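Presented below is the structure to which this report refers.
Keep in mind it's a predicted model, so treat the numbers as computed, not measured. Basis for what follows: all heavy atoms, side chains included, without hydrogens, waters or symmetry-related copies.
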Amino acid sequence: MSPRSRGSKVSQTLPGDSPPASGSSSSMPVLRIGPAGWAYKDWAGYVYPQPRPKNFHPATFLSEYFDTIEINTSFYHPMQADHAAQWIERVSGNARFLFTAKLWKKFTHEHDATSADEREARAGLDVLHSGGRLGALLLQFPFSLHREATTVEYLSRLLRRFAAYPLVVEVRHSSWNVPDTFELLREHNAGFCNIDQPIIGRSLEPSTAATAPVGYVRLHGRRYDTWFTDDPEVSSHERYNYLYSNEELKPWAARIQKVSKQAGTVFVITNNHYQGKGVVNALQLINILTKTKVNVPEPLRQHFPQVDAIATSRPVEPTLFPLATAITPDAQ
């Protein structure tokens, strides 16, 4: 079975009414959709086969279905250079694959990072970047970061410090939704992350902004009851235990199309990760945007029968790492 007939593991080329943002080398924007992270125990038997085959690695497995994964561990501690090199090797069968990575939280949440911390943070990022596998470095800030003179200055310094990488900024408070924010990002050639989150108080609402050649979208789910909870009885994973319906995804598909008209490459990351729900929604978005059936992990089909409608026929002998073929979807 050819890679094109299998469907999902592609870099989708999207139609656009206007040229990509300045600096893009592509005449047609490229869309990359994939999940946030891969090291989840609750994915066993939901996304990954259980028991796992010999020499199984999650990044290798996911690179059969997607052209991107967002690295989340780099948010909690610096990415080690040897780990980055190993991950590059793990996805080597997919020539189109690009990682995105979250910057260490000492820079985005704690604001006390030293020069030594910066060198640590750069070690693994430099390996990915020099190896041609870093699509974007995400600077994810918390809802508590409001726009004011001191935070704008801090963001400006951070953008200068990490200017060697393709940068994207995620803010969650609506105080940032002003023209000066977008102008600042354009000045630093940094992308804006359009997010879906529970709209509580002054939460940033859905948007279609693009301020650099790299566009970015993150879907966090809509768990209003657990998003800001501090109840110790509620498991941390419940914040991301949400499955978008097809009707909820369609408006985001339209927004993604709008972003794609302004950016050369658009990353769409599904962060509603519990029990593989983000994998389901990532595959559904690919199907909606390309109007092409997708290859679906067999465990996922068993737990989420709704993906059968968008799934290609399962090969008798699954082939690892089929070469990706670009698909041009119908105009929206």
Side-chain angles (χ1 to χ4, degrees), residues 2-3 6-12 30-41 43-44 46-104 119-138 162 164-168 214 265 267-271 273 276 278-279 282-283 286 294-300 315 317-326:
S2 71
R6 293 185 69 194
S8 71
K9 193 182 72 62
V10 295
S11 292
Q12 295 83 14
V30 174
L31 174 65
R32 299 177 185 276
I33 301 175
W38 64 72
Y40 303 112
K41 291 182 179 179
W43 282 20
Y46 278 83
V47 178
Y48 306 137
Q50 184 71 10
R52 296 183 178 186
K54 184 179 180 181
N55 299 323
F56 177 91
H57 191 277
T60 305
F61 181 84
L62 292 173
S63 71
E64 298 184 54
Y65 302 91
F66 303 106
D67 279 342
T68 194
I69 309 171
E70 184 182 88
I71 299 171
N72 280 341
T73 55
S74 55
F75 174 77
Y76 299 100
H77 50 76
M79 187 192 315
Q80 297 181 26
D82 59 339
H83 288 175
Q86 291 170 17
W87 295 339
I88 289 174
E89 178 60 28
R90 294 292 188 183
V91 301
S92 61
N94 182 348
R96 297 177 180 270
F97 191 94
L98 292 178
F99 289 103
T100 68
K102 292 167 65 175
L103 182 63
W104 190 11
R119 288 192 293 272
E120 274 197 89
R122 287 179 176 274
L125 293 172
D126 284 343
V127 172
L128 285 184
H129 191 44
S130 63
R133 293 290 190 170
L134 181 62
L137 176 62
L138 178 70
F162 291 95
Y165 307 112
L167 300 178
V168 174
V214 175
T265 299
F267 292 93
V268 181
I269 303 298
T270 50
N271 194 34
H273 52 73
V279 176
L283 293 171
I286 293 173
V294 297
N295 190 32
V296 177
E298 191 61 24
L300 209 67
E317 296 291 339
T319 302
L320 288 177
F321 308 129
L323 295 177
T325 304

Worksheet item: So Trp38 and Asn72, side-chain contact (heavy atoms from CB on, under 4.5 Å) or not? Walk me through it.
Response: CA-CA 8 Å; Trp38 64 72; Asn72 280 341; over 6 Å; no

Fill in: Stepwise side-chain contact (heavy atoms from CB on, under 4.5 Å) check, Asp67 with Asn94
CA-CA 7 Å; Asp67 279 342; Asn94 182 348; 2.8 Å; yes

Worksheet entry | CA sep, side-chain torsions, deciding dist, call: Asn295, Glu64, side-chain contact (heavy atoms from CB on, under 4.5 Å) | CA-CA 9 Å; Asn295 190 32; Glu64 298 184 54; 5.6 Å; no

Fill in: Chi angles and distances behind the side-chain contact (heavy atoms from CB on, under 4.5 Å) call for Leu134, Thr100
CA-CA 6 Å; Leu134 181 62; Thr100 68; 5.7 Å; no

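Tyr48 has its side chain within reach of Phe61: a pair of non-hydrogen atoms, C-beta onward, lies under 4.5 Å apart. Two residues are said to be in side-chain contact when any heavy atoms from C-beta on lie closer than 4.5 Å; Val279 and Leu300 meet this criterion. Between Phe97 and Ile69, some side-chain heavy-atom pair lies under the 4.5 Å cut-off. Here the side chains of Val47 and Leu62 are in contact, with some heavy-atom distance below 4.5 Å.
Under the rule for a side chain to side chain contact (heavy atoms under 4.5 Å, CB included), Pro51 has no partner lying at least two apart in sequence or in another chain. Residues passing the side chain to side chain contact (heavy atoms under 4.5 Å, CB included) test with Glu89, sequence neighbours excluded: Ser92. Under the salt bridge (charged side-chain N to carboxylate O under 4.0 Å, His left out) criterion, Arg122 pairs with Glu118, not counting sequence neighbours. Annotation: side chain to side chain contact (heavy atoms under 4.5 Å, CB included) contacts of Pro299 (sequence neighbours excluded): Pro297. Shown here are the side chain to side chain contact (heavy atoms under 4.5 Å, CB included) partners of Thr73, two or more places apart in sequence or in another chain: Ile71, His77, Trp87. Applying the ring-ring contact (aromatic ring centres under 6.0 Å, His included) test to Tyr40 and every residue at least two apart in sequence or in another chain returns Trp43, His273.
Shown here for Ala95 and Arg133, the closest heavy-atom pair between the two residues is O-NH1, 3.9 Å. Of all heavy-atom pairs spanning Phe66 and Gly34, the tightest one is CD2-CA, 3.9 Å. Considering every non-hydrogen atom in both Thr68 and Ile33, the closest pair reads CG2-C, 3.7 Å. Here the closest heavy-atom approach between residue Leu98 and residue Gly132 is recorded as CD2-O, 3.3 Å. For Val127 against Ala85, the heavy-atom pair with the smallest separation is CG1-N, 3.8 Å. When all heavy atoms are compared, the tightest approach of Ile269 to Pro35 is CG2-C, 4.0 Å.
Under the 3.5 Å distance criterion, the side-chain polar atoms of Ser63 are left unmatched by any main-chain donor or acceptor of Val91. Side chain of Arg32 to main chain of Val268: no donor-acceptor pair is present (N/O by atom type, distance under 3.5 Å, no hydrogens or angles). Here the side chain of Thr60 pairs a donor or acceptor atom with the backbone of Arg90 at under 3.5 angstrom. With hydrogens and angles disregarded, a donor-acceptor distance shorter than 3.5 Å links the side chain of Ser74 to the backbone of Lys102.
Distance check: Ile88 CD1 to Phe99 CZ gives 7.5 Å after rounding to the nearest 0.5 Å. The CG atom of Leu128 lies 9.5 Å from the OH atom of Tyr165; values are rounded to the nearest 0.5 Å. Interatomic distance, OG1 of Thr265 versus CG of Leu31, reported as 9.5 Å (0.5 Å rounding).
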